[in-house]
Asker: 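Sharing a structure below in structure tokens format, with a few things to ask.
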Amino acid sequence: MKAWFCEELKGQWRQSVPVGPVLVDQQSDFQHIQVYETEGFGRMLVLDGKVQCTERDEFTYHEMLTHVPMLSHPEPKTVVVVGGGDGGTVREALRHPGLEKATLVEIDPQVMEVCRQWLPTMAKGLQPDPRLEIVTRDAAEVIGSLPPQDIVLVDSSDPEGPSEVLFSAEFFASLKRALKPDGLIALQAGSPFFFGPQIAAARRELEKIFRFVRPYLVAIPTYPGGTWCLIAASDAHDPQALSLEELRLRRQQRGLELRYYSPEVHLGSMALPEFVREL
Ligand code: SPD
């Protein structure tokens, strides 16, 4: 008889994945950390019962969270990743050859240890690199003390429970203060089916403080509902207003060979279905 891992969301949805024996099952000071071997998606990281990433489909999320804002910027030299202790987002950021400094601010050292051991394709981003600094602290406390950045990427868990603070007006204001005047942020905002009010609230708050606020969508089969909303924002660069030619040129100049992101997908991901646009 097969074992199944089951994620339940808000009493409205359950998704199940056939799994082998659990490889990691531990409680850190912050959360319950599990890693499973799955039959179809490789190894899977689960935090507090929610799927964070699998080896097979993590590229969709990490590429879109990272490259949409980074290619919207003409020359990103500095990036801060908030959360993202698995290393996938910072791995993608470090692929931009002009990047001089990446700072990963992750509160839970145990997540990074587990991913180094069990999810090396993602934790590649955590390997020693002269451009990388890892700060094991609460981002809400640290963000104000960092020098102004070109890019800030918020790779949090869902907008409820411990991560709720990362969706507050105060935290958004601190992200803006952490940016250079022409910087960009991007954050994960949740499923438009299950987190509609939270996405709407995040968009409203961001629109109070940024000139350009662009929600965009990415397909992630192992997240509930399969469609996920990310938001990019900036005062200087409109991620939707770049031409295909400019995006193609930037991708080529930076030598990026990607599996999900393309300039066409970049612009297409911002064409929102009506129910998302109305949020
Ligand atoms: N429903 C889970 C959403 C989690 C988003 N963050 C994932 C972290 C991957 N680096």
Side-chain angles (χ1 to χ4, degrees), residues 5-10 12-17 28 30-36 41-69 79-95 102 104-108 110-116 118-126 134 139 152-167 185-196 198-199 202 215-231 260-261:
F5 166 81
C6 177
E7 172 175 346
E8 180 168 330
L9 193 66
K10 298 179 164 205
Q12 296 172 11
W13 179 263
R14 275 187 191 163
Q15 58 177 23
S16 298
V17 187
S28 75
F30 303 96
Q31 54 208 337
H32 184 199
I33 306 170
Q34 293 170 302
V35 177
Y36 289 91
F41 281 83
R43 290 186 183 162
M44 176 171 81
L45 174 68
V46 177
L47 297 180
D48 286 338
K50 310 278 183 245
V51 175
Q52 301 299 306
C53 37
T54 75
E55 287 179 314
R56 183 161 166 219
D57 70 352
E58 54 91 5
F59 68 98
T60 73
Y61 172 90
H62 291 127
E63 286 189 13
M64 289 298 278
L65 181 63
T66 308
H67 301 303
V68 168
V79 60
V80 168
V81 177
V82 171
D86 51 74
T89 298
V90 78
R91 175 197 69 200
E92 291 303 313
L94 288 165
R95 294 172 71 164
L104 175 72
V105 187
E106 164 61 54
I107 197 169
D108 192 342
Q110 227 166 300
V111 168
M112 293 189 279
E113 278 321 303
V114 163
C115 293
R116 281 191 180 103
W118 297 99
L119 292 157
T121 50
M122 268 167 277
K124 200 174 153 192
L126 306 175
I134 298 178
V152 178
L153 306 173
V154 185
D155 184 6
S156 67
S157 46
D158 288 333
E160 58 182 3
S163 282
E164 226 170 315
V165 61
L166 302 181
F167 294 84
I185 65 160
L187 52 92
Q188 80 93 358
S191 155
F193 292 99
F194 299 113
F195 292 105
Q198 289 93 331
I199 292 173
Y216 58 106
L217 298 177
V218 53
I220 311 171
T222 54
Y223 282 7
T227 298
W228 219 249
C229 183
L230 312 179
I231 304 180
Y260 189 96
Y261 177 96

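These values consider heavy atoms only, across backbone and side chains, with no hydrogens, waters or symmetry-generated copies. Counting starts at 1 for both ligands and their atoms, in listed order.
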Asker: Could you tell me the separation between the CD atom of Q188 and the OH atom of Y61, rounded to the nearest 0.5 Å?
Answerer: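 The distance works out to 4.5 Å.
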Asker: Have a look at T66 and tell me which of V81, T89, L94 forms a side-chain contact (heavy atoms from CB on, under 4.5 Å) with it.
Answerer: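 It is T89, the one option of V81, T89, L94 that forms the side-chain contact (heavy atoms from CB on, under 4.5 Å) with T66.
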Asker: Quick one: look up the protein heavy atom nearest atom 9 (C) of ligand 1 and list residue, atom name and how far away it is.
Answerer: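 It is D86 OD2, 3.1 Å.
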Asker: Considering non-hydrogen atoms of the protein only, which is the closest contact for atom 8 (C) of ligand 1, and what is the distance?
Answerer: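 The closest one turns out to be D155 OD1, 3.1 Å.
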Asker: Supply the atom-to-atom distance S157 OG to D48 CG, rounded to the nearest 0.5 angstrom.
Answerer: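 Rounded to the nearest 0.5 Å, the OG-CG separation comes out at 7.5 Å.
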Asker: Taking only Lys NZ, Arg NE, NH1 and NH2, and the carboxylate oxygens of Asp or Glu, determine whether E8 and K50 approach each other closer than 4.0 Å.
Answerer: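 Between K50 and E8 there is no salt bridge, as every charged N stays at least 4.0 Å from the carboxylate O atoms.
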Asker: Need the ligand 1 atom indices (1-based, order shown) with element for anything under 4.0 Å from a heavy-atom of V51.
Answerer: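 It comes down to these atoms of ligand 1: 1 (N), 2 (C).
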Asker: Looking only at protein heavy atoms, which one is nearest to atom 3 (C) of ligand 1, and how far off is it?
Answerer: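 Scanning the protein heavy atoms, the shortest distance from atom 3 (C) of ligand 1 goes to D158 OD1, 3.2 Å.
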Asker: Does Q52 have a non-hydrogen atom less than 4.0 Å from ligand 1?
Answerer: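 Yes, that is the case, since the closest heavy atom of the residue is under 4.0 Å from the ligand.
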Asker: Work out whether the distance between some heavy atom of L65 and some atom of ligand 1 is less than 4.0 Å.
Answerer: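 No.
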Asker: Do the ring centers of F59 and Y261 come within less than 6.0 Å of each other?
Answerer: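 No, too far apart.
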Asker: Looking only at distances, please establish whether an N/O atom of ligand 1 is found under 3.5 Å from an N/O atom of S157.
Answerer: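 Between S157 and ligand 1, no N or O pair is found under 3.5 Å apart.
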Asker: Give, for atom OG of S28 and atom CE of M112, the distance between the pair rounded to the nearest 0.5 Å.
Answerer: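 If I round to the nearest 0.5 Å, the distance is 11.0 Å.
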Asker: Of the backbone atoms (N, CA, C, O) and the side-chain heavy atoms from C-beta on, which set of H62 has a member under 4.0 Å from an atom of ligand 1: side chain, backbone, both, or neither?
Answerer: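 For H62, the contact with ligand 1 is made by the side chain alone.
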Asker: How far is atom 7 (C) of ligand 1 from the closest protein heavy atom, and which atom is that?
Answerer: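 Atom 7 (C) of ligand 1 sits closest to the protein heavy atom Y223 OH, 3.1 Å.
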Asker: Tell me whether S156 reaches ligand 1 (any heavy atom closer than 4.0 angstrom to a ligand atom).
Answerer: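 Right, S156 reaches ligand 1.
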Asker: To the nearest 0.5 Å, what is the distance between CG on L65 and CG on D155?
Answerer: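 So the gap between those two atoms works out to 5.5 Å.
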